[in-house]
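On a predicted model such as this, the values are computed, not experimentally measured, just so you know. First the proteins, then the strands, lettered A, B, ... as listed; each starts at 1.
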2 protein chains.
Amino acid sequence: MEGDMGPERIDEIGEWGLLERLRGFCAADLLGDDGALLPAAGDRDWAVTTDLLVDGVHFSDRTTPARSVGWRAVAANLSDLAAMGADPVAITVALALPGETAVAWAVELYEGMAACLERYGGAIAGGDLCRSPVKTISITALGRVPRDRALRRNAAQPGDAIVVTGIHGASRAGLAALLEPERFATVPTALQKSWIDAHQYPRPRFDAIAAIAPLTTHRDRPWCAMDSSDGLADALWQISRDSQVSLVIDRAALPLPPGLADHVGEDLALDWTLYGGEDFELVLALPPAIAATLIDHLGPPATPIGTVLEPGDRPLTLTDSTGRHRDRPLSGKATFQHFAP
Amino acid sequence: MEGDMGPERIDEIGEWGLLERLRGFCAADLLGDDGALLPAAGDRDWAVTTDLLVDGVHFSDRTTPARSVGWRAVAANLSDLAAMGADPVAITVALALPGETAVAWAVELYEGMAACLERYGGAIAGGDLCRSPVKTISITALGRVPRDRALRRNAAQPGDAIVVTGIHGASRAGLAALLEPERFATVPTALQKSWIDAHQYPRPRFDAIAAIAPLTTHRDRPWCAMDSSDGLADALWQISRDSQVSLVIDRAALPLPPGLADHVGEDLALDWTLYGGEDFELVLALPPAIAATLIDHLGPPATPIGTVLEPGDRPLTLTDSTGRHRDRPLSGKATFQHFAP
C-alpha cells in the first residue's frame, strides 16, 4: 500500500527472512543441524539445543494438558539431540507464567518433563522462573556425542537411501481430532487415541540412533539425519539444501497414519504427512546397506521413502511407484513458518 | 475469603513458594549456585545457567533500547558464570516476538548480544525463533570452570571477610532516572549517565575472578561467591542460608552510588543499594588475606562490607561503624520476588 512508510516488520519478512538477517551474528563453526556441537576434552563432544514453547502457538488448554506440555517440551529438545546422535545429559528450564496460573498446572508441567526424562535420560539442572502475561517455556538440552560420530544435516550423498523412522501426520491428525471432535465422530476410538497420543506424547527416536551406533565405527564418512519436528517436507528440503543434493520421494512409500485417508481423504492425509509437523521422527540419508540394517532393526512403520541423487533442477521430487500420480516438485516451503509473511 | 474455593494460584504462594514445589524435580547434585555444574572429561567442568527476560517485566521501550536488552540478557547470564568462576564459551538464544516487531529491533538486540560477547567472551551457538504476543528472550550460557575451583554459594565460613566488587543501587537509580526524569532534573548529567549506564549496560565481573584465580591453587577449601542480580540483600541472605552462617554487614561500608543520597535521601539510597537489584556485581566471602588481595587488585569501589560469623539468631545484621544508626536485622525477603503473594 502506498504511504505505508513504517519500519519493516518481522511479519513482512517471515521467520526465514529474519533468520537470514540474524545468521551473521552466530558462530558459523558452532551453528547448523538440530543443535550446536561444542568441542570438549575426552572422546565426546557436547551437543546443545534449545526450544521455546508459547501458549496459544505451540500448546493450548484445549489440546494439551500441562503434563503433555511438559512432556512435549522435553521431547522436542531430546529429539534434536537424537537427530545429532547425542545422548541426553541435562536440561535447563526457563519458565514464565501469569500470576493467576494454577500451582497444579506448574507441578503437572514438571511431572510431564520428569516423566519424559525418566524414559529417555537426562536430568533437570536448574533454570529460571518469572512472571509473564503468556505461559512460555524455554528448554535447553545438553547431550554428549562420540567425537566425529555426530549425524549431520549436510551429509547426504548421491546413492544414499532416505529412511524415516515412523509414521508422519499422526500428530497433526491428533490435533485435528482434539480441536474438531465432531468431525472425527465416526473414527474408532483406538485410532483417534493413537493420533492424540502422537500429538501429546511424542517419542524421541533414540532407539534408531542406538541401532546404527554399533555400525558407525566402520563408516568412512558422516551420516545424515535430522528430526521432522517442522514437518517431513521441511526436513527433506533442508537436507537437500544443506547437502546440495536432489531427493526423490515415493509417495506410495510414505508411512501415513493408518486409517487417516479413509476419514479425511487422500489429499489431506498426504498434506498432513508432508507438512503437519511435530511427529518428532527422524529422517536419515544412509548408505543402502546401513539403511536396510536400520529398518530391519526398527521394523515397520520405519521404511525407506526415497533416494538421494546428484543436484539437479528440482531439489525435491514426489514420484509415485504405483503409477497413479504423476511426478511433481515437492515444496519444503509450504511448511509452517512463524511470522509467515 | 470464605467461599473462595478455586485452585491455588501461583501468585498466592509466590516465586519462592513455587520454587519449593518444583525443587524436587531437579537433580540435587546438579542444582544450586548461579548455575549447574556438569562433570566432564579433562581438567574442567561445564557450568550452565539460563535466564528468561520478558517485555514489561525485565525491560521496556521506555528504559531499554533493543541494544541494551540484548547486552543485559547476555550480561545477566555471563554474570552467573562469573559468580561460579567459569569462563564463557557459548550461548543459545531462544527468541519469541510479536509479528509486528520491527526487524531493526531484532537486529539491534543481536548487536547488543554480540557486543557483550565480544567484550567478555563466548559465541552464539544457535537457538530458536518463534512468535508470541510478548517479546521474550531466553538465553542459556555455557562456560568452563577448572575442576574443584568453582565458587559456591554455600562455602562461606566464620572468619571470612565479605567483599563486594562494586557499587550497588546504581542500576535502580538509573531505572528511576529513566522513568521519572523530572524527579532527577537537578542531578548533574554525568552522574545520571553513570546510573543509566549501570542499568542499561551492566558489566559481568570476570576481572574479579581473574584476580583471585592465581590464588586458588593454594586454597584448602572452596570459596564463596554469588552475583547480586536479585539485589545485594538477597545475595547476602542466600549466602547465609546456604552456608549456614550469620553475616554482619556495616552500612557505613556499603558502596552507595556517589551523590545518590543527596538527591533521593539517605533512606531510599540505602534501600536501592540493598534491594535495587540488577547491579550484576559479585558478593564474595573469602579468607581475609585473599579478600585484601582482591580489593587491592580491583581498587575502589570494591570493598569489604562485613564479616561471616557462626550461625546465630539473626542470619543477617546491619550494623553501623559510625555509630549513627543502631544495629538491626537485615531482611533478604524485602527483595523483589516474582509473583509476590
Side-chain angles (χ1 to χ4, degrees), chain A residues 7-11 13 15 18-19 21-22 25-27 30-31 35-36 38 40-44 46 48-52 54 56-58 89-90 92 94-97 99-104 106-107 110 113-114 123-134 136 138 140 142 338-339, chain B residues 7-11 13 15 18-19 21-22 25-27 30-31 35-36 38 40-44 46 48-52 54 56-58 89-90 92 94-97 99-104 106-107 110 113-114 123-134 136 138 140 142 338-339:
Chain A
E8 189 180 32
R9 293 157 43 128
I10 289 174
D11 53 11
I13 66 170
E15 180 182 358
L18 183 57
L19 279 173
R21 306 281 181 100
L22 301 180
F25 293 105
C26 301
L30 298 179
L31 258 191
L38 300 178
D43 57 359
R44 288 187 291 180
W46 286 84
V48 55
T49 179
T50 195
D51 267 307
L52 190 64
V54 177
V57 179
H58 301 92
V89 173
T92 60
L95 182 60
L97 297 173
E100 65 268 24
T101 306
V103 173
V107 171
Y110 267 75
M113 292 194 289
I124 299 176
D128 192 22
L129 190 60
C130 69
R131 67 186 161 87
S132 167
V134 184
T136 305
S138 177
T140 299
L142 293 153
H338 287 283
F339 318 111
Chain B
E8 189 181 32
R9 294 157 42 130
I10 289 175
D11 53 11
I13 65 169
E15 179 182 358
L18 184 57
L19 280 173
R21 306 281 180 96
L22 302 180
F25 293 105
C26 300
L30 298 179
L31 256 190
L38 300 179
D43 57 359
R44 289 187 291 180
W46 286 85
V48 56
T49 180
T50 194
D51 268 306
L52 190 64
V54 177
V57 179
H58 301 92
V89 173
T92 59
L95 182 60
L97 297 174
E100 64 269 24
T101 306
V103 173
V107 171
Y110 268 74
M113 292 194 289
I124 299 176
D128 193 21
L129 191 60
C130 70
R131 66 186 161 87
S132 168
V134 183
T136 306
S138 177
T140 299
L142 293 154
H338 287 284
F339 319 111

What's the separation between atom [atom1] in [X] and atom [atom2] in [Y], rounded to the nearest 0.5 Å?
X	Y	atom1	atom2	value
A:I10	B:T101	CD1	OG1	4.5 Å
A:L97	B:R9	CG	CZ	12.5 Å
A:S132	B:H58	OG	NE2	9.5 Å
B:T50	A:L95	OG1	CG	11.0 Å
B:L52	A:T92	CG	OG1	10.5 Å

Heavy-atom closest contact ([X] atom, [Y] atom, distance):
X	Y	value
B:A36	A:A125	CB-O, 3.3 Å
A:V57	B:R131	CG2-O, 3.6 Å
A:E100	B:D11	N-OD2, 3.8 Å
B:F25	A:I124	O-CD1, 3.7 Å
A:V107	B:L22	CA-CD2, 4.1 Å
A:V134	B:P133	CG2-CG, 3.8 Å

Does any part of the side chain of [Y], heavy atoms only, come nearer than 4.5 Å to the side chain of [X], both counted from C-beta?
X	Y	result
A:V54	B:C130	yes
B:L142	A:L142	yes
B:L38	A:W46	yes

Give, as side chain, backbone, both or neither, the part of A:L19 having an atom under 4.5 angstrom from any heavy atom of chain B.
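A:L19 touches chain B through backbone and side-chain heavy atoms alike.
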- Do you know which of B:G42, B:A102, B:A106 has the most heavy-atom pairs with chain A at a distance under 4.5 angstrom?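 Winner by heavy-atom pair count: B:A102.
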- Tell me, side chain or backbone of B:A114 under 4.5 Å from chain A's heavy atoms, or both, or neither?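 It is the side chain, since no backbone atom gets that close.
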